[in-house]
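Read the structure below first, then the notes.
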Amino acid sequence: MSLKNAAKMSQREKFELINSEVRSFYEYCKEAGMTDEEMDIICRPLTTAVRKASIKRWTRVFLFLVMVLAIGYTVSQTETFQWHAAALARMALIKLLPIWDWTPLYYNKCLIERSQPHHVDNDLISPADCISCESIQTIARVSDSNYNEVFNHHLLRGAPVIVADAFYEWSITRTDLNLTSFIEDDDRLRDSVPCRVLTNIRLGRQPMDLEEIVSRITSTNIPSWFVHFQNCDIRAVKSFRILAPRPYFFSPHIPPSHFNWLLLSKNYDTHRYKYLELDVGLIVMSQLKGKNYIQLKPKAPCEEICYNLNFEIIEGETLVLANSLWEFEYLPGKGENVAMITETDWLES
C-alpha cells in the first residue's frame, strides 16, 4: 500500500492493517519452523519500543493529574474561591430544605449519637450534690480580687460571684461599640454562621451568616428588639474575645473559651426570661453596655433544696459561674444592652 493511500485511512483501518500484517508475519515464522524464543528475540526491539511508549504515556497522564491537583489546591486556598464555594454551598442547602430538613444536624454538636443508658442524664446531679447550693441566697460582689478568692472562696462551693472591676479598662476604651463596623472589618466574622439564634425579629430562612443577622437588626428603625446568638466557629470565637479580654484574676492553667455568646437588646420590655443552653463548665458573663437581669435556677433534683438567685449585672461587671448546678436565664434591661458570655472547659478541683 502506498503512503498516499495510508494517509487517507482512518485510525481503525490502520490498526486493522497492522494487526493483519503482524498475524501474517507470525504465521510465516511458524511455517518456517521458528520457536517462540527465536520469535521473541526478533520482536524484542518492537515490544521494547511499545513498552517505552506506554510508560511515557502514563507518565504524562500522571504528571497532568498532579498538575491539576496542585492548581486546584492552590485555587481552593484563595479567599475568593472559599467565599464563592461557601455561598454556593449555602444556596444548595437552602434549596434542599423542602426535600430534606438538615437543620437538626446543623445544630447538633455530634453527627453520630453515642449510645448511652437512659438514666445517665439523671445521674449527673444527685441529691447529695445539692448541699453545695442549699445555703446560697445572694450573689457576692468583689473588687480588686484574685484567683484564690474568686475560685476557691466562691466557685468551689458552688456559689457564683460578680467581679465589679474585671474589665474596668473596657468602659474607657470602648464606650461606643459599633457592632456593625466591628463585624464588617473582620473577614472571620462576616461569613460565620452562629449555632443558636433567638430574636423577636423575623430573620427569614436559616441558616444566616452573622453579617446579615446584624445588618437586619441595625439597618432598621425597630424601636424594641433583642437578639442573642452563640458562636461555634472557632474563628468567630477568637475574634469576639477582643470585646472582653481575659480577666486579670484568671489562672494561666484555665484554657481559652471554646464557645461564646453575644446578648444584644434595645428597649426590649418584657417579663419573660430568656433561657440559654450553656455547656457544663466555667461561664463568664461580661456586661459590656447597659445591664441585664439574671436568674439562676437550681437544676433537678435541687429545685426544692436550693434557692433561685435573682440579681442584676451592670456595665463593667462580670459574672463568674460554674454552672454544673444552675440553669441560666436572663432578662434584658431598659435602653441599649450588650453582654458577652464565654464557655470554657473547667474541672472544679
Side-chain angles (χ1 to χ4, degrees), residues 133 136 138-177 179 182 226 228-231 237-265 273-276 278-297 309-333 335-346 348:
C133 62
I136 300 174
T138 59
I139 297 290
R141 279 180 162 82
V142 300
S143 299
D144 192 21
S145 188
N146 53 51
Y147 178 84
N148 182 61
E149 181 179 16
V150 172
F151 286 81
N152 295 339
H153 290 186
H154 296 281
L155 267 63
L156 285 185
R157 63 181 180 89
V161 60
I162 290 178
V163 182
D165 61 350
F167 300 107
Y168 59 89
E169 293 183 352
W170 185 89
S171 60
I172 299 175
T173 58
R174 304 179 189 278
T175 53
D176 187 18
L177 172 63
L179 189 63
F182 180 74
F226 89 95
H228 68 240
F229 55 84
Q230 182 192 37
N231 294 302
V237 172
K238 290 180 178 179
S239 293
F240 272 118
R241 285 175 186 163
I242 193 174
L243 295 181
R246 189 178 179 88
Y248 67 85
F249 53 83
F250 265 31
S251 173
H253 78 271
I254 297 179
S257 58
H258 57 277
F259 294 145
N260 55 36
W261 297 72
L262 212 63
L263 283 54
L264 310 168
S265 62
Y273 280 81
K274 310 304 175 187
Y275 171 72
L276 297 183
L278 304 175
D279 286 348
V280 174
L282 180 63
I283 304 301
V284 178
M285 178 179 181
S286 305
Q287 190 65 37
L288 307 180
K289 187 175 184 179
K291 67 179 179 180
N292 281 296
Y293 300 95
I294 308 300
Q295 181 170 253
L296 301 180
K297 291 182 177 181
L309 301 180
N310 293 273
F311 54 95
E312 72 175 17
I313 178 171
I314 62 176
E315 182 175 327
E317 292 184 335
T318 297
L319 169 66
V320 187
L321 164 71
N323 71 326
S324 56
L325 294 174
W326 305 99
E327 298 283 359
F328 186 98
E329 297 179 346
Y330 80 97
L331 188 69
E336 295 188 30
N337 310 289
V338 180
M340 192 173 82
I341 297 177
T342 61
E343 301 178 80
T344 304
D345 291 326
W346 180 67
E348 302 175 32

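The basis for the numbers below is simple: all heavy atoms, side chains too, and nothing from hydrogens, waters or symmetry mates.
Rounded to the nearest 0.5 Å, atoms CD1 (Ile313) and CD1 (Ile162) are 5.0 Å apart. Note that CD1 of Ile283 is 5.0 Å distant from CD of Glu343, once rounded to the nearest 0.5 Å. In this structure, CG in Leu321 is found 9.5 Å from CD1 in Ile341, a value given to the nearest 0.5 Å. For the atom pair CD (Glu329) and CD (Glu327), the distance works out to 7.5 Å, reported to the nearest 0.5 Å.
Taking the side chain as every heavy atom from C-beta outward, Asn260 and Leu243 never approach each other to under 4.5 Å.
Asn292 contributes no side-chain N or O that, together with a main-chain N or O of Glu312, makes up a donor-acceptor pair within less than 3.5 Å. Proximity of a side-chain donor or acceptor of Asn231 to a complementary backbone N or O of Val237 within less than 3.5 Å is not detected. Arg157 places no side-chain N or O within donor-acceptor distance of the main-chain N or O of Ile136, the cut-off being under 3.5 Å. The main-chain N or O of Lys291 is found under 3.5 Å from a side-chain atom of Asn337 such that the two form a donor-acceptor pair. Between the side chain of Trp326 and the main chain of Gly158, a donor-acceptor pair closer than 3.5 Å is present. Remark: side-chain polar atoms of Tyr273 are not paired, donor with acceptor, to backbone N or O of Phe328 under 3.5 angstrom.
Of all the heavy atoms in Arg246 and Pro255, the pair that sits closest is NH1-O, 4.1 Å. Minimum interatomic distance between Ser143 and Asp165 (heavy atoms only, all atoms of both residues): CA-OD1, 3.7 Å. Closest approach of Thr344 to Ser257, counting heavy atoms only: OG1-CA, 3.4 Å. Here the shortest heavy-atom pairing between Ile254 and Trp346 reads CG1-CD1, 4.4 Å. Nearest heavy-atom pair, Leu309 versus Ile139, reported as atom, atom and distance to 0.1 Å: CD1-CD1, 3.8 Å. When all heavy atoms are compared, the tightest approach of Phe249 to Asn146 is CB-C, 3.8 Å.
Ring orientation note: the planes of His253 and Tyr147 are nearly perpendicular, at an angle over 60° on the 30°/60° scale. Below 30°, between 30° and 60°, or above 60°: for Phe229 and Phe240 the angle between ring planes is between 30° and 60°, a tilted geometry. Aromatic ring pairs are classed by plane angle as parallel below 30°, tilted from 30° to 60° and perpendicular above 60°; the pair Phe226 and His228 is tilted.
The environment of NZ in Lys274 is crowded: more than 12 heavy-atom neighbours from other residues, nucleotides or ligands sit within 6.0 Å.
The aromatic ring centres of Tyr330 and Trp261 sit 6.0 Å or more apart.
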